[in-house]
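Here is the structure we will look at.
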Amino acid sequence: MAQSSDNVRALGRGRNILRFLNKAGAARAADIAAELGLPRPTVYRLLNTLEEEGYVLYSGSDSRVRVSPLAAALGDNALMRSRLCQVAASILAKFTDTYAWPVDLSTYEDAHMVIQETTHNRSPLSVDPGMVGYSLPILRSSAGRAYLSVCSAREREIIIDLLRAEPCQEDRPFLQSGWLDENLTAYFKQGYATRGPRSYRPKTSSLAVPILADDRAIGCLSIIWVTKAMTMDQAIARYATALQETSAEIAAGFSDLSTAAVP
């Protein structure tokens, strides 16, 4: 029984180390010990185990350690998406009940924005009833543009490099440095991004706002409509602020739920 209890405690401590490293990016064992209130020998022992299992990597230039791609893919993002959807579902329903338009919640995955939650099934104005799981291009969707405008500079650089490594013909005009610098700066300043019918999905337009929790981009909200039904200026005037308020409500609920889940 004592051995089982020790294993559970070690597992919990290892999980807390991974959480800390995921948030900090990289840290030395002494920093981890101080942050988590653990003895340094315990931290070194846990880090060695995590390294052997492939969950952390030591820097080649100093003594810092960071999570490996294996750990990053393990469940933190899946857990984040699960919590985000848990918080967002009722809030999105409230938006659509108030404004009639369907709204999509998407998150970043592998150089795309993937729709995780939607209210197309409860809106009479829906143009796409089956949207959950739908993949959106980063540079040609309002959601992708909104996400790029607020994610960290390093993450943005990595995403752009991925897109340039396997360039899609339709993406080429948007991969120009001039377009990226000018438009992403504008989207960041105004707090929303737009997409017209010529860049993606002809005959439709869309408007998106980012979701930021604890200064981290965790997703986007977007609405889509037939371009003839409403101009972009009308959409911005009517719904940009409402989407931003909805985003803030989701972010607050997500932060509260994440904090409550930490033992």
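Since the structure is predicted, the reported quantities are computational estimates derived from the model, not experimental observations. When reading the values below, keep in mind they use all heavy atoms of this one structure, side chains included, and skip hydrogens, waters and symmetry mates.
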For this session: Take Glu109 and Gln116, measure what side-chain hydrogen bond (donor to acceptor under 3.5 Å, both in side chains) needs, and give me the verdict at the end.
Result: CA-CA 11 Å; Glu109 291 183 45; Gln116 307 291 343; 2.7 Å; yes
Exercise. Under a single-linkage definition using a 4.5 Å side-chain heavy-atom cutoff for Ile, Leu, Val, Met, Phe, Trp and Tyr, are Ile158 and Phe174 assigned to the same hydrophobic cluster?
Worked result: yes
Seminar exercise, completed: Value for CZ (Arg172) from CG (Leu163), rounded to nearest 0.5 Å, stands at 12.0 Å
Exercise. Is there a side-chain contact between Leu139 and Leu180, using heavy atoms and a 4.5 Å cut-off?
Worked result: yes
Problem set entry | Under 3.5 Å side-chain donor-acceptor pair for Ser206 and Arg201 | no
For this session: May I ask you to decide if Leu38's main-chain N or O and Thr42's side chain share a donor-acceptor pair within less than 3.5 Å?
Result: no
Seminar exercise, completed: Grouping ILVMFWY residues whenever side-chain heavy atoms fall under 4.5 Å, the cluster of Val150 otherwise contains Phe188, Leu212
Exercise. Any side-chain heavy-atom pair from Lys203 and Thr227 closer than 4.5 angstrom?
Worked result: no
Exercise. Does Trp225 reach the side chain of Leu207, with side-chain heavy atoms less than 4.5 Å apart?
Worked result: yes
For this session: Might you work through the side chain to side chain contact (heavy atoms under 4.5 Å, CB included) test for Thr194 and Ser142, ending with a clear yes or no?
Result: CA-CA 5 Å; Thr194 58; Ser142 59; 5.5 Å; no
For this session: Tell me, yes or no, whether the heavy-atom count around Asp215 atom CG, taken from other residues, nucleotides or ligands under 6.0 Å, exceeds 12.
Result: no
Exercise. Which heavy atom in Ala88 sits nearest to a heavy atom in Leu105, and how many Å separate them?
Worked result: CB-CD2, 3.7 Å
Exercise. Which pair of non-hydrogen atoms, one from Leu46 and one from Ala10, has the smallest distance, and what is that distance?
Worked result: CD2-O, 3.8 Å
For this session: Supply the atom-to-atom distance Met230 CE to Arg238 CZ, rounded to the nearest 0.5 angstrom.
Result: 6.5 Å
Exercise. What heavy-atom pair brings Thr107 and Ile218 nearest, and what distance separates the two atoms?
Worked result: CG2-O, 3.5 Å
Exercise. Can you find a pair of side-chain heavy atoms, one from Tyr147 and one from Pro210, that are under 4.5 Å apart?
Worked result: no
Exercise. In terms of hydrophobic clusters joined by side-chain contacts under 4.5 Å, are Val114 and Leu136 together?
Worked result: no
For this session: May I ask you to test the Met80-Phe254 pair for a side-chain heavy-atom distance under 4.5 Å?
Result: yes
Seminar exercise, completed: Residue pairs meeting salt bridge (charged side-chain N to carboxylate O under 4.0 Å, His left out), one or both in residues 134-152, sequence neighbours left out, come to Arg140-Asp171
For this session: Answer with yes or no whether the hydrophobic clustering places Tyr108 together with Leu175; edges join I, L, V, M, F, W, Y residues whose side-chain heavy atoms lie under 4.5 Å apart.
Result: yes
For this session: Tell me, with the steps shown, if Leu221 and Ser247 meet side chain to side chain contact (heavy atoms under 4.5 Å, CB included).
Result: CA-CA 7 Å; Leu221 299 180; Ser247 169; 4.1 Å; yes
For this session: Measure the OG-CE distance between Ser205 and Met232 for me, rounded to the nearest 0.5 Å.
Result: 4.5 Å
For this session: Evaluate the side-chain proximity of Ile160 to Leu148: yes if any heavy-atom separation is below 4.5 Å, no if none is.
Result: yes
Exercise. What closest approach, in Å, do Tyr200 and Ser135 show between heavy atoms, and which atom pair accounts for it?
Worked result: OH-O, 4.1 Å
Problem set entry | Whether Gln176 side chain and Pro173 backbone form a donor-acceptor pair below 3.5 Å | no
Can you give me every donor-acceptor pair (side chain of residues 89-104, partner residue at least two apart or in another chain, under 3.5 Å) with its distance?
from: Lys94; atom 1: NZ; to: Glu249; atom 2: OE1; distance (Å): 3.3
from: Lys94; atom 1: NZ; to: Glu249; atom 2: OE2; distance (Å): 2.9
from: Thr96; atom 1: OG1; to: Trp101; atom 2: O; distance (Å): 3.0
from: Thr96; atom 1: OG1; to: Thr119; atom 2: OG1; distance (Å): 2.5
from: Asp97; atom 1: OD1; to: Arg122; atom 2: NE; distance (Å): 3.3
from: Asp97; atom 1: OD1; to: Arg122; atom 2: NH2; distance (Å): 3.2
from: Asp97; atom 1: OD2; to: Arg122; atom 2: NH2; distance (Å): 3.1
from: Thr98; atom 1: OG1; to: Lys94; atom 2: O; distance (Å): 2.8
from: Trp101; atom 1: NE1; to: Tyr239; atom 2: OH; distance (Å): 2.8
from: Asp104; atom 1: OD1; to: Thr118; atom 2: OG1; distance (Å): 2.5
from: Asp104; atom 1: OD1; to: His120; atom 2: NE2; distance (Å): 3.3
from: Asp104; atom 1: OD2; to: His120; atom 2: NE2; distance (Å): 3.4

Problem set entry | Heavy-atom pair of closest approach, residues Ala251 and Ala213 | O-CB, 4.2 Å
Exercise. With a 4.5 Å limit on heavy-atom distance, are the side chains of Tyr192 and Ile236 in contact?
Worked result: yes
Problem set entry | Spacing of Ile211 atom CD1 and Ile250 atom CD1 [to the nearest 0.5 Å] | 4.5 Å
For this session: Give a yes or no on whether Glu51 atom CD has more than 12 heavy-atom contacts from other residues, nucleotides or ligands under 6.0 Å away.
Result: yes
Exercise. Are Leu243 and Leu125 linked, directly or through other ILVMFWY residues, by side chains that come within less than 4.5 angstrom of each other?
Worked result: yes
Exercise. Do the side chain of Asn183 and the main chain of Trp179 share a donor and acceptor less than 3.5 angstrom apart?
Worked result: yes
Exercise. How many angstroms lie between atom CD1 of Ile138 and atom CG of Leu162, to the nearest 0.5 angstrom?
Worked result: 10.0 Å
Problem set entry | Closest contact, heavy atoms only, Ala217 versus Cys151 | CB-CA, 4.0 Å
Exercise. Taking C-beta and beyond as the side chain, do Arg195 and Ile224 meet within less than 4.5 Å on heavy atoms?
Worked result: yes
Problem set entry | hydrophobic_cluster_shared for Tyr58 and Ile32, side chain cutoff 4.5 Å | yes
Problem set entry | Arg13 side, atom CZ; Arg45 side, atom CZ - distance, nearest 0.5 Å | 8.0 Å
